Amino acid sequence: QVQLVESGGGSVQSGGSLKLSCVASVSGYTYSRYCMGWFRQAPGKEREGVAHISSVRSARYADFVKGRFTISQDVAKKTLYLQMNSLKPEDTAMYYCAARTNYCTNNVQDFTSWGLGTQVTVSS
């Protein structure tokens with residue numbers, strides 16, 4: 001079981017940066033074996049994958065990130081990060097941290113553990 005808590009959201013102007021964090025509390029499993037992902041959901045839209053990473057697979061990103069975001073994790077601290085640069089108004093959304101076992105994907109349906117989210121708002 002893993003419980004996730006996001007932080008670091010806020011309001012920035014277009015072109016600005018934010019760094020999100022997700023602290024995991026793990027029991028019954030090894031954190032390093034999880035696939036960890038960032039997802040986002042804007043009002044009126046479906047939740048979509050942003051990026052994901054695991055200890056045995058390199059980070060992968062959604063096309064809309066276009067090199068602007070970087071996902072990373074500190075396994076020792078059981079913390080996932082998302083560095084977001086060159087933010088655009090369309091990046092405005094609630095950002096969620098999520099975890100799954102066995103495989104690593106960017107599909108919402110495949111993740112079983114979710115944080116409550118942190119809001120990111122980007123103004124023009």
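Since the model is a prediction, treat every value here as computed from it, not as a measurement.
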Working for side-chain contact (heavy atoms from CB on, under 4.5 Å), residues Gln119 and Tyr95: CA-CA 6 Å; Gln119 179 67 40; Tyr95 282 71; over 6 Å; no
Looking only at heavy atoms, what is the nearest atom pair of [X] and [Y], with distance?
{"X": "Val2", "Y": "Val26", "answer": "CG2-CG2, 3.8 Å"}
{"X": "Leu4", "Y": "Ala24", "answer": "CD2-CB, 3.6 Å"}
{"X": "Met36", "Y": "Ala99", "answer": "SD-CB, 3.6 Å"}

From CA spacing to verdict: side-chain contact (heavy atoms from CB on, under 4.5 Å), Val120, Thr92: CA-CA 5 Å; Val120 171; Thr92 296; 5.9 Å; no
Salt bridge (charged side-chain N to carboxylate O under 4.0 Å, His left out) pairs, two or more places apart, involving residues 35-44: Arg40-Glu48, Arg40-Asp91
Residue pairs passing the salt bridge (charged side-chain N to carboxylate O under 4.0 Å, His left out) test where at least one lies in residues 103-117, sequence neighbours excluded: Arg100-Asp110
With a 4.5 Å cut-off on side-chain heavy-atom distances among I, L, V, M, F, W and Y, is there a chain of contacts connecting [X] to [Y]?
{"X": "Phe69", "Y": "Trp38", "answer": "yes"}
{"X": "Val75", "Y": "Leu80", "answer": "yes"}
{"X": "Leu20", "Y": "Phe64", "answer": "yes"}

Flag side-chain contact, heavy atom, 4.5 Å: Arg68 against Tyr61: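 Of all side-chain heavy-atom pairs linking Tyr61 with Arg68, none is under 4.5 Å.
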Test item: Val65 and Val50 side chains (from C-beta on) under 4.5 Å apart, heavy atoms: yes
With Thr30 via side-chain contact (heavy atoms from CB on, under 4.5 Å) - residues at least two apart: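 In terms of side-chain contact (heavy atoms from CB on, under 4.5 Å), with neighbours along the sequence ignored, Thr30 is linked to Ser32, Arg33.
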side-chain contact (heavy atoms from CB on, under 4.5 Å) partners of Val12, counting only residues at least two apart: Leu18, Leu87, Val122
Pairwise side chain to side chain donor-acceptor pair (under 3.5 Å) hits with a residue in [range], at least two apart:
{"range": "residues 49-60", "answer": "His52-Asn106"}
{"range": "residues 15-29", "answer": "Ser17-Asn85"}
{"range": "residues 69-81", "answer": "Tyr31-Gln73"}

Heavy-atom donor-acceptor pair, Gln13 side chain to Ser124 backbone, under 3.5 Å: no
Flag, side chain of Thr118 to backbone of Gly9, donor-acceptor distance under 3.5 Å: yes
Residue pairs fulfilling disulfide (SG to SG under 2.5 Å) with at least one residue in residues 55-121, sequence neighbours excluded: Cys22-Cys97, Cys35-Cys104
Within residues 38-67 or reaching into it, pairs that qualify as disulfide (SG to SG under 2.5 Å) - sequence neighbours excluded: none
More than 12 heavy atoms from other groups under 6.0 Å of CD on Glu90: yes
Those residues that, when tested against Gln41, pass side chain to side chain donor-acceptor pair (under 3.5 Å) (two or more places apart):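 Side chain to side chain donor-acceptor pair (under 3.5 Å) check on Gln41 returns Arg47.
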Residue pairs involving residues 101-124 (criterion ring-ring contact (aromatic ring centres under 6.0 Å, His included); sequence neighbours excluded): Phe39-Phe111, Phe39-Trp114
